[in-house]
Amino acid sequence: HMVVCVRQPNDEILTKTEEIKSLSERYRVLRLPLLRGIIALFETLYLGIKGIYFSANATLEEEKLSPKEIGLAIVVALALSIFLFSIIPFVLTSLLNLRGVVFNIVEAVIRLAVLLLYLASMSLVGEFRRVFQYHGAEHTAINAYEAGVELNVANVKKHSRLHPRCGTSFILIVTLISILFFSIMPNLEYLMRLAYRILLIPVIGGVSYEVLKLSDRYKNSRIMKILVAPGLGLQYLTTREPEEKMIEVALKAVEEVHRLQKS
């Protein structure tokens, strides 16, 4: 199930639940490693767009956003993310006249630098800061749930706003996996090399998904804790300490998911 909870202008929490029919449930072959990650990537994107559409209209008191307006915003956001984190790092690295693995490492460093600059800039904007606070509320609620404590605001506030399976950690894993992938790809002409950096995004995402699942399986390992530490550190930029009302929204969502699992 997917659960979306939104704090409305009248201070009430609006909840939407939806049963998810994953393609991997219909076709066994899509449950195989790597394939399941690619499917999860696109399904998560689809569900995220639906969540954004619902939450945006739930918080608007007058004029509502149409599906076309939300769709256009998503397309622009995806195009901008590909431009910022795939095209710009490649073009800038190409100016340095590097080759082989060194090229890929420098490209990854530039990609991370662009990401850090982007996140640092967004954290200065008031509305984005609130988004980062809600992100922190989500993590604290999930950490409390996984710790098995009673789910209330007081208990949740004691837990960390960082979580090892966060999408922020996923982005860092994607960057590292991309170094490996691009190092084994043939050294083709300029435009072809740029093209497969875009076309291979789903494949790199699928491999990164498996690495993320592996990190959770061995999360108590000292080696794994060291490996996930950079991803957790990056979450200091993408999360902020939440307000109590934000934790209430996150708790409502977690409790609803737990209720649906038991039913």
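No hydrogens, no waters, no symmetry mates; every other heavy atom, side chains included, goes into these values. All of these numbers come straight from a predicted model, not from anything done at the bench.
- A distance-only check finds a donor-acceptor pair linking the side chain of Glu210 to the backbone of Leu34 [under 3.5 Å].
- For the pair Arg217 (side chain) and Lys213 (backbone), a donor-acceptor distance under 3.5 Å is absent.
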Report the C-alpha distance between Lys245 and Asp11 in whole Å, list the side-chain angles of each, state the deciding distance to 0.1 Å, and finish with yes or no for side-chain contact (heavy atoms from CB on, under 4.5 Å). CA-CA 9 Å; Lys245 284 195 171 185; Asp11 209 37; 3.0 Å; yes
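- Screening Thr15, Asn10, Leu14 against Glu12 for a side-chain contact (heavy atoms from CB on, under 4.5 Å) leaves a single residue, Asn10.
- The aromatic rings of Tyr145 and His258 stand perpendicular to each other, their planes meeting at an angle above 60°, with 30° marking the opposite boundary.
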Step-by-step side-chain contact (heavy atoms from CB on, under 4.5 Å) determination, Lys157 to Thr140: CA-CA 7 Å; Lys157 286 175 68 174; Thr140 55; over 6 Å; no
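- The shortest side-chain heavy-atom distance between Ile223 and Tyr218 does not fall under the 4.5 Å cut-off.
- Between Phe85 and Tyr118, the ring planes are perpendicular. Angles over 60° get that label, and only those under 30° would be called parallel.
- Between Tyr190 and Phe90, the ring planes are tilted. Angles from 30° to 60° get that label.
- Here the side chain of Glu248 pairs no donor or acceptor atom with the backbone of Arg7 at under 3.5 angstrom.
- Annotation: side chain of Leu180 is not in contact with side chain of Leu176 (no heavy-atom distance under 4.5 Å).
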Report the C-alpha separation of Lys21 and Arg26 in whole Å, then their side-chain angles, then the decisive distance to 0.1 Å, and conclude whether the side-chain contact (heavy atoms from CB on, under 4.5 Å) test is met. CA-CA 8 Å; Lys21 298 291 186 181; Arg26 302 181 208 173; 3.7 Å; yes
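- Inspection of the Asn104 and Ser183 side chains reveals an N or O donor paired with an N or O acceptor under 3.5 Å.
- Ring pair Phe128/Phe132 is tilted by interplanar angle, where 30° to 60° counts as tilted.
- Salt-bridge check for Lys252 with Glu256: failed, with every basic side-chain N at 4.0 Å or more from each acidic carboxylate O.
- A salt bridge links Glu146 and Arg165; the closest N-O separation between the charged side-chain nitrogens and carboxylate oxygens is under 4.0 Å.
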